[in-house]
Amino acid sequence: MSETAPLRRINETKQMSDVAMKDGLSLGDRQSIRTAPARPPSGIFSGAGDSGVWPGQATNSAVAFITPMTAVFILVWYVTGALTNSTSKQTLNQFKGAKPFLSLTLMQHIMAVVGGNFAIRVLRIKPYKSLPPEAHSWGFYRLLLVYSLGFCLTNGSFGAVNASFVDTIKAGEPIATVGLTLLFLSDESVPLIVFLSLLPIVAGVGISSLSDTSFNFLGFAMAMGSNLCFSARSICAKLLRSSLGKSMDNANLFVHVNAYGAMILLPLVLYFEGPVLITILKGGGNPAKLFLMNGIFYYLNNQMNFLVLEKVDAVTHGLINCGRRVANILFAIVWFRIPINFYNGVGITLALFGAFCYMQAKQISSRAKAAPPQFPPKASVKSM
């Protein structure tokens, strides 16, 4: 080893220490930043998260284990997710003829705003952040539109077909994501392994559609439409360049999106379902209680999603979310006593297996993109 090597290390350490002090960071923090692994490239198929991840909020840092508190968050996330879907179906079953799914979505948005503000302003789970002026752009309103429309279509499908069938169709969201990516993101390549992972999803959704006793085209179209909307949310988030994610956390962004969504939905609800909504509010009873409970479960489900996302890496979050979809389907089958025949069971299994394969394919693709290029070793030159 040359004599200048120790001097070079001392000089590098001194320079790093000077920069750290200037930026207000400790030397240990600066060293951890320098040695941190490179973040995977941004893209629809980078990482293993799903459309539930807001722009700029997915974390790729791994964790060694799930803490007991995180396990509690996951359990509550599972329970509230199953109860949100089941009470959506149960609420809409209270009405004969046209189902007030727009009113149900409005209640979900309102309860998210109330619950979110309570958690931020009273419980202080996060510092409150107002929506920045640059957020008022076409990109943000486009994201807002597909978000609210996606939940309207989801609730509409719950009013038309079995809850378990809706969750099975929702497992087909990757199909919509790939389709929209090919149409609108010309610079985003779709790896072959991602294409192959769609095959069991397509087969599973097709078999379930043919074998489900509650199948009708309207319910199927609404569920697939919600997939398009939630996939479009991922596309819109990428086009937004994650500007909101850098200046705002999940909890605050969720409150603002639901507040604006409620303002958009209110005139539509009054126009299309005004008499029904007034009857619900005046009459009270079971429909009003179910509306309120569904809104609370909707908020808690999303809040737990954010809390889990902050505690685990993107891959773990994707795995947990796959398990959550399985739990939703099983809960709906038991809760509503839905008869499941052999073909229906095969379809559900294939769709869920395909969703898992899709997540794994995204992870493999992300690793391949993040891998540093391999250069041939330089020939060593011997000193004279």
Side-chain angles (χ1 to χ4, degrees), residues 39-63 66 70 73-74 77-78 81-82 150 166-182 185 188-205 208 223-224 226-235 237-238 250 301-302 304-330 347-371:
R39 188 178 177 90
S42 173
I44 299 301
F45 303 106
S46 299
D50 57 16
S51 65
V53 180
W54 287 99
Q57 294 297 327
T59 175
N60 291 284
S61 59
V63 292
I66 294 176
T70 304
F73 292 157
I74 294 170
W77 185 27
Y78 272 48
V166 174
D167 277 309
T168 303
I169 300 300
K170 298 284 285 178
E173 186 179 317
I175 302 172
T177 300
V178 170
L180 290 177
T181 300
L182 293 174
L185 294 180
E188 183 84 34
S189 61
V190 182
L192 176 62
I193 190 172
V194 172
F195 269 119
L196 294 177
S197 70
L198 299 182
L199 297 179
I201 300 178
V202 173
V205 170
S208 293
M224 285 302 297
S226 70
N227 283 346
L228 283 170
C229 286
F230 290 131
S231 296
R233 182 175 67 179
S234 298
I235 305 293
K238 178 176 173 60
N250 278 324
N301 179 51
N302 282 279
M304 292 303 113
N305 179 15
F306 300 150
L307 290 174
V308 171
L309 182 61
E310 290 176 354
K311 300 295 183 182
V312 301
D313 60 283
V315 176
T316 304
H317 186 271
L319 285 170
I320 296 169
N321 195 47
C322 282
R324 183 184 64 90
R325 199 174 296 282
V326 175
N328 286 351
I329 292 175
L330 293 177
I348 292 173
T349 303
L350 276 174
L352 294 173
F353 175 71
F356 174 78
C357 291
Y358 173 76
M359 188 207 66
Q360 294 293 327
K362 285 174 63 180
Q363 182 186 355
I364 293 171
S365 173
S366 177
R367 274 203 226 119
K369 287 182 179 180

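Counting begins at 1 with the first residue of the sequence.
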Heavy-atom pair with the smallest gap, counting every atom of L350 and A203: CD1-CB, 4.1 Å
Within-4.5 Å side-chain heavy-atom neighbours: L319 and F356: yes
Any donor-acceptor pair under 3.5 Å from S208 side chain to V205 backbone: no
Residues forming a side chain to side chain contact (heavy atoms under 4.5 Å, CB included) with L196, sequence neighbours excluded: L192, L199
Donor-acceptor pair, side chain of S365 and main chain of A361, under 3.5 angstrom: no
Test item: S226 and K170 side chains (from C-beta on) under 4.5 Å apart, heavy atoms: yes
Smallest separation among heavy atoms of A171 and A351, with atom names: CB-O, 4.1 Å
Over all atoms of both residues, closest heavy-atom pair of G172 and N227: C-ND2, 3.7 Å
Distance, nearest 0.5 Å, that separates OG1 of T316 from CG of L309: 11.0 Å
Check: Q360 and Q363 side chains under 4.5 Å, non-hydrogen atoms: yes
Side-chain donor/acceptor of S231 to backbone N/O of E173, under 3.5 Å: yes
Minimum heavy-atom distance between G150 and F230, given as atom pair plus value: C-CZ, 3.6 Å
Distance, nearest 0.5 Å, that separates CH2 of W77 from OG1 of T70: 12.0 Å
Nearest-0.5 Å distance that lies between atom CZ in R233 and atom CG in L228: 13.5 Å
Least distance between heavy atoms, V194 atom then V190 atom: CG1-CG1, 4.1 Å
With sequence neighbours excluded, residues passing side chain to side chain contact (heavy atoms under 4.5 Å, CB included) with I364: I193
I348 CD1 to T168 OG1 distance, which is reported to the nearest 0.5 Å: 4.0 Å
For V326, all residues meeting side chain to side chain contact (heavy atoms under 4.5 Å, CB included), sequence neighbours excluded: L330, L352
Y358 side, atom OH; F353 side, atom CZ - distance, nearest 0.5 Å: 16.0 Å
Listed partners of Y78 passing side chain to side chain contact (heavy atoms under 4.5 Å, CB included), at least two apart: I74, I320, R324, A327
